[in-house]
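Note sheet for the following structure.
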Amino acid sequence: MYYVITRTFIDDPSLKDNVLKMSKASAEIFRKQSGLIEMKSLLSENETHISTYLVWDNQQSHLSCMESKDFAAVTVDWTKYMQEGKIRFELETYLEMKSDL
């Protein structure tokens, strides 16, 4: 399995509702992608960022998802907000540790 954790920092608090709507729209797209096993999105208590945890069958499933044209409509707003410095985005990937470690 292949694990991905993303964090979206909402640097402009006035955009919180918009970012939550975009996150929900993105989650619906993620759930339709081949190879997705599990997904959880969490809003921090202070409402300054969203963390999303995704579990994929394998790395290729994740990479194929990132190249999917299904995200075209929502990517425009995400990109605009990032370029304007209103949100920041981090993505980290993980491999499952062997049980004998």
Side-chain angles (χ1 to χ4, degrees):
M1 284 190 270
Y2 193 73
Y3 301 83
V4 178
I5 298 175
T6 67
R7 291 178 69 186
T8 302
F9 296 90
I10 307 167
D11 294 328
D12 180 343
S14 70
L15 292 178
K16 183 188 78 162
D17 289 339
N18 286 355
V19 172
L20 291 174
K21 286 178 189 172
M22 292 185 323
S23 182
K24 183 177 179 179
S26 295
E28 291 173 12
I29 297 168
F30 273 114
R31 287 190 176 94
K32 294 177 184 176
Q33 301 301 305
S34 176
L36 182 67
I37 296 170
E38 181 181 356
M39 178 180 169
K40 300 270 187 221
S41 292
L42 308 165
L43 178 63
S44 65
E45 278 191 76
N46 63 5
E47 299 184 343
T48 61
H49 69 275
I50 300 166
S51 291
T52 302
Y53 169 82
L54 303 112
V55 181
W56 296 95
D57 281 335
N58 52 52
Q59 182 182 24
Q60 187 55 51
S61 295
H62 165 67
L63 294 174
S64 295
C65 174
M66 294 295 93
E67 296 173 3
S68 173
K69 294 179 182 177
D70 296 344
F71 288 98
V74 294
T75 299
V76 173
D77 289 333
W78 285 111
T79 302
K80 176 183 171 220
Y81 290 152
M82 282 190 287
Q83 289 174 341
E84 293 173 349
K86 296 179 179 182
I87 65 171
R88 289 175 287 127
F89 181 79
E90 293 179 353
L91 182 144
E92 295 183 2
T93 56
Y94 300 85
L95 300 173
E96 190 167 0
M97 291 176 53
K98 302 289 184 203
S99 61
D100 59 346
L101 291 179

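Remember, it's a predicted structure, so these values are computed and weren't measured experimentally. These numbers come from the heavy atoms of this one structure, side chains and all, not from hydrogens, waters or symmetry mates.
In this structure, the separation between CE on Met82 and CG on Asp77 is 10.5 Å, given to the nearest 0.5 Å. Within the model, atoms CD1 of Ile10 and CD1 of Ile50 stand 4.5 Å from one another, a figure rounded to the nearest 0.5 Å.
What you find for Leu36 and Glu38 is that their closest heavy atoms are CD1-O, 3.5 Å. Closest approach of Asp57 and Ser61 over heavy atoms only: CB-OG, 4.0 Å. Between Trp78 and Thr8, the shortest heavy-atom distance links the atoms CZ3-CG2, 3.5 Å. Shortest non-hydrogen contact noted between Tyr81 and Asn18 is OH-ND2, 3.3 Å. In terms of heavy atoms, Met1 sits closest to Val55 at SD-CG1, 3.6 Å. Across all their heavy atoms, Arg31 and Met39 have their closest contact at NH2-O, 4.1 Å.
Listed by chain and residue number, nothing satisfies the salt bridge (charged side-chain N to carboxylate O under 4.0 Å, His left out) test with Lys24 (two or more places apart in sequence, or in another chain). Under the rule for a side-chain hydrogen bond (donor to acceptor under 3.5 Å, both in side chains), the partners of Thr52 that lie at least two apart in sequence or sit in another chain are Ser41.
Phe30 and Tyr94 fall into different hydrophobic clusters, defined by Ile, Leu, Val, Met, Phe, Trp and Tyr side-chain heavy atoms under 4.5 Å apart, directly or through other members. One hydrophobic cluster, built from ILVMFWY side chains closer than 4.5 Å, holds both Leu43 and Leu15. A chain of hydrophobic side-chain contacts below 4.5 Å, direct or via other Ile, Leu, Val, Met, Phe, Trp or Tyr residues, connects Leu95 to Leu91. Phe89 and Leu54 end up in the same hydrophobic cluster when Ile, Leu, Val, Met, Phe, Trp and Tyr side chains are linked at under 4.5 Å.
Counting only distance, with no hydrogens or angles, the side chain of Ser26 and the backbone of Met22 share a donor-acceptor pair below 3.5 Å.
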Determine, stepwise, if the pair Arg88 / Asp11 fulfils side chain to side chain contact (heavy atoms under 4.5 Å, CB included).
CA-CA 7 Å; Arg88 289 175 287 127; Asp11 294 328; 2.7 Å; yes

Acceptor/donor pairs from residues 63-74 side chains to any protein atom, 3.5 angstrom cut, sequence neighbours excluded:
{"residue": "Ser64", "atom": "OG", "partner": "Gln60", "partner atom": "O", "Å": "3.0"}
{"residue": "Ser64", "atom": "OG", "partner": "Gln60", "partner atom": "NE2", "Å": "3.1"}
{"residue": "Ser68", "atom": "OG", "partner": "Asp70", "partner atom": "N", "Å": "3.1"}
{"residue": "Ser68", "atom": "OG", "partner": "Asp70", "partner atom": "OD2", "Å": "3.2"}
{"residue": "Asp70", "atom": "OD2", "partner": "Gln33", "partner atom": "NE2", "Å": "3.0"}

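Looking only at side-chain heavy atoms (C-beta outward), Thr93 and Tyr3 stay at 4.5 Å or farther from each other.
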